[in-house]
Amino acid sequence: MTVRVRYAPSPTGEPHVGNIRTALWTWLHARRHGGVFFVRLEDTDQTRLVPGSAERILESLAWLGMDWDEGPDKGGPFAPYIQSQRLPLYQSAAERLIASGNAYRCFCAPERLEELRNEQRANHLPPGYDGRCRSILPDEAEARAAAGEPNVVRFLVPDEGSTTFTDLLRGDITVENATQDDFVILKSDGFPTYHLAHAVDDHEMEVTHVSRGDEWIPSAPRHVLLFRALGYEPPIYVHTSVILAPGGGKLSKRHGAKAILEYRDEGYLPDALFNFLAITGWSPDGETEIMTRAEAAAAFDFSQLNAHPATFDADKLEWLNGVYLRQLPLADLAEQFAQWLERTLPADVARPIDRALVEAVTPLVQERVKLLADVTPMVDFFFAPSLAAPALDALLGKPYRGRPEVAVSALHAAIEQLTAIEVWDSTAIEGALRAAAEHTGEKPGDLFMLCRVSVTGKAVTPPLFETMAIVGRDACLERIAAAAKVAASE
RNA sequence: GGCGCGUUCGUCUAGUGGCCCAGGACAUCGCCCUCUCAAGGCGAAGAUCGCGGGUUCGAAUCCCGCACGCGCUACCA
């Protein structure tokens, strides 16, 4: 039997890491077994819909490289893939359940339910529907419903016995039926609840494995009961753990959870995020951590997932992103940088930005960035149309503090040597600066730092000689002279 | 309150009765390399395997109890 799995988000917001990680594992399982991965929109709560979120959900999946075989945007053999367009299916299932005595109409008003719960809580009893409408005769119920009296359909949970289901991570889980109340399967607006929609759709769409968050464990027995009452074979269940925020507690918007697309906007690579999410809560062998999607898929096994929650390790994600950035071919990296710089360089830098310059600078910073965002402050001086002379304190630094005249003569020596260079390349520049240091008796490192700050305005930069080679002789000499003037003015 | 799930270095994990007085990775610290910063190399520190009982020649691994954390207990998913 071919594996068919699904990602079934509610279009009520954007996917965050915890949510997408379950989808990612599901995707891995599909690819591992040559199965089908599809997307189904669960928009049965009309009150919580957020416009645009369906698009953002699909965009997130696409960005992460999780392709889907069937879905709301591309159809498939079981279309439609949007629950609000499948209402008749749920309604007829509910009617079948009523007819078979597995469900009944309930006319209790929300207010009564509310009161009932308060009372139960006050008496330290487990809250739950008391089954009052169970006793309404079917004919009467139909008549009242036909007359337009608002009602919901509840599933009739057996008072006795227990229900067992198997979870791929946790083994058999058994729950006493008596602890489950008669839950609503069809709401008064004609929409199904999750429970019914899950049973109907996952059967209709021939889903083989259902992986979802572990908050669904308590209601899984309900689903098994539903499947059986409908005459369906339940799918295989996998309940995945949540991702925790560093401080503890579920990762939430307030607690550092970011939408997937925010990672894109902050300069993470989709391959790195994918890899990171795949291995938080899963390890193929205890050693391997860096994997392509294909490698992860080849090794993936639901039953290896960790059943306990994992804390989100932002440091490790950054590290991993750096690993991916470093192994990117230079041309690809330059392309990424170009797009990034286009967006983030100050407005006074002419657009489009100098593509050749980006390519020249890329190898100097490849091993220095962890995020694409790091590139901008690292290379902005290469692109700036003009650079202000450095501030005195920054220029002198520790070695020359209080003795600017020494810095001035060192700088002049550097100018002299640099001017004499025949072919302006990094080797020649290094030779010139070392010669200048030797002539003046300065420590090479001190002179280098003087030049670094003079030429770039920064104390931390890509390698000096390569940097100066790219900046060009005229600009370098000009800037060093300007810096010398700053030092001399003291 | 009831029901359920979970518990190995700060963090992610390996581990399914002896190879584990617990291995790898991130982070941390030190050394090396070095023009700054990185990257890289080497090394250190870091877990009485939640606690208490059992079973066994032998337990992180099996059983029982407890503690703690989390989840569910909606006409939300």
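Quick note on labels: first sequence line is chain A, next is B, and so on, each numbered from 1. The structure displayed is predicted, hence computed values, not measured ones.
Closest to the A/Lys370 side chain, of the nucleotides B/C37, B/C5, B/A39, is B/A39. When the nucleotides B/U36, B/U73, B/A77 are ranked by their closest atom to the side chain of A/Pro127, B/U73 comes out on top.
Residues A/Gln304 and A/Glu466 both approach RNA chain B. Their nearest nucleotides, taken by heavy-atom distance, put A/Gln304 toward the 5′ side. Comparing A/Arg48 and A/Asp315 along RNA chain B, the residue whose closest nucleotide (by nearest heavy atom) sits nearer the 5' end is A/Asp315.
Contacts of A/Glu287 with the nucleic acid, taken as non-hydrogen atoms under 4.0 Å apart, involve only primed sugar atoms and P, OP1 or OP2. Among the atoms of the strands shown, only primed sugar atoms or phosphate atoms (P, OP1, OP2) are found under 4.0 Å from some heavy atom of A/Ala310. Here A/Gly281 lies in heavy-atom contact (under 4.0 Å) with sugar-phosphate atoms only. Counting non-hydrogen atoms under 4.0 angstrom, A/Asn306 reaches the backbone sugars and phosphates but no base. Counting any heavy atom pair closer than 4.0 Å across all strands shown, A/Phe465 reaches a base atom. A/Val184 comes within 4.0 angstrom of sugar-phosphate atoms only, judged by non-hydrogen atoms across all strands, and of no base. Here A/Pro9 lies out of heavy-atom contact (under 4.0 Å) with every strand. A/Ile173 comes within 4.0 angstrom of sugar-phosphate atoms only, judged by non-hydrogen atoms across all strands, and of no base. In this structure, A/Leu464 reaches the bases: a heavy-atom distance under 4.0 Å links it to at least one base atom across the strands shown. When heavy atoms are screened at a 4.0 angstrom cut-off, A/Ser188 is found touching base atoms of the nucleic acid. A/Thr461 comes within contact range of at least one nucleobase, with a heavy-atom separation under 4.0 Å. Within the nucleic acid shown, A/Thr44 comes within 4.0 Å of sugar-phosphate atoms alone, with no base atom in reach, counting heavy atoms only. Heavy atoms of A/Pro463 sit under 4.0 angstrom from at least one base atom. Note on A/Leu320: nothing from the nucleic acid sits closer than 4.0 angstrom, heavy atoms only.
Salt-bridge annotation for A/Arg134 and A/Asp159: present, with a side-chain N of the basic residue lying under 4.0 Å from a carboxylate O of the acidic one. Ion pairing of A/Lys398 with A/Asp393 is absent here, as no side-chain N (NZ or NE/NH1/NH2) approaches a carboxylate O to less than 4.0 Å. Using a 4.0 Å cut-off between charged nitrogen and carboxylate oxygen, A/Arg6 and A/Asp201 do not count as a salt-bridge pair. A salt bridge between A/Arg56 and A/Glu14 is present, with a side-chain N of the basic residue lying under 4.0 Å from a carboxylate O of the acidic one. The pair A/Glu438-A/Arg434 does not count as a salt bridge, with every side-chain nitrogen at least 4.0 angstrom from each carboxylate oxygen. With respect to the salt-bridge test (charged N to carboxylate O, under 4.0 angstrom), the residues A/Arg368 and A/Asp374 do not qualify.
The phosphate of B/C76 (OP1 or OP2) has a side-chain N or O of A/Lys187 nearer than 4.0 angstrom. The side chain of A/Asn123 contributes no N or O atom lying less than 4.0 Å from OP1 or OP2 of B/G1. Residue A/His308 places at least one side-chain N or O under 4.0 Å from the OP1 or OP2 atom of B/U13. Using a 4.0 Å cut-off, some side-chain N or O of A/Arg326 falls inside it from OP1 or OP2 of B/G40. Checking the phosphate oxygens (OP1, OP2) of B/C75, no side-chain nitrogen or oxygen of A/Asn151 falls inside 4.0 Å. Taking only side-chain nitrogens and oxygens, A/Arg434 comes nearer than 4.0 Å to OP1 or OP2 of B/C35. Between A/Thr311 and B/C12 there is a side-chain polar atom (N or O) within less than 4.0 angstrom of OP1 or OP2.
B/C9 is unpaired under the criterion used here, namely a Watson-Crick or G-U wobble arrangement in which both key atom distances are under 3.5 Å. Judged by Watson-Crick or G-U wobble contacts below 3.5 Å, the nucleotide B/C33 has no partner. Base pairing of B/A44: its partner is B/U28, meeting the Watson-Crick or G-U wobble criterion (both donor-acceptor distances under 3.5 Å). With a 3.5 Å ceiling on both atom-pair distances, the Watson-Crick or G-U wobble partner of B/G1 is B/U73. B/C20: no Watson-Crick or G-U partner with both key distances under 3.5 Å is found in any strand. In a base pair of the Watson-Crick type (N1 to N3 plus N6-O4 or O6-N4) or a G-U wobble (N1-O2 and O6-N3), with each distance short of 3.5 Å, B/C62 is matched with B/G54.
Between A/His16 and A/Tyr263, the ring center distance fails the sub-6.0 Å criterion. For an aromatic pair to be called close, the ring centres must be under 6.0 Å apart, and A/Tyr194 with A/Trp216 satisfies this.
For the pair A/Met468 CE and B/C35 P, the computed distance is 15 Å after rounding to whole Å. Going from atom CZ of A/Arg117 over to atom P of B/A74 covers 5 Å, rounded to whole Å. If you measure from atom OH of A/Tyr400 to atom P of B/U36, you get 14 Å, rounded to the nearest angstrom. Rounding to whole angstrom units, CH2 of residue A/Trp319 and C1' of B/U11 are separated by 13 Å. Going from atom CG of A/Leu244 over to atom P of B/U13 covers 11 Å, rounded to whole Å. One can place CD of A/Glu318 at 14 Å from C1' of B/A38, the figure rounded to the nearest angstrom.
By the 6.0 Å and 45° rule, A/Arg293 stacks over the aromatic ring of A/Phe274. Relative to the ring axis of A/Tyr129, A/Arg154 places its NZ or CZ within 45° and under 6.0 Å from the centre.
Between the base of B/C5 and the side chain of A/Arg170 there is no donor-acceptor pair shorter than 3.5 Å.
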Please list, pair by pair, any protein nitrogen or oxygen found under 3.5 Å from a nitrogen or oxygen in nucleotides 16-22 of chain B.
none

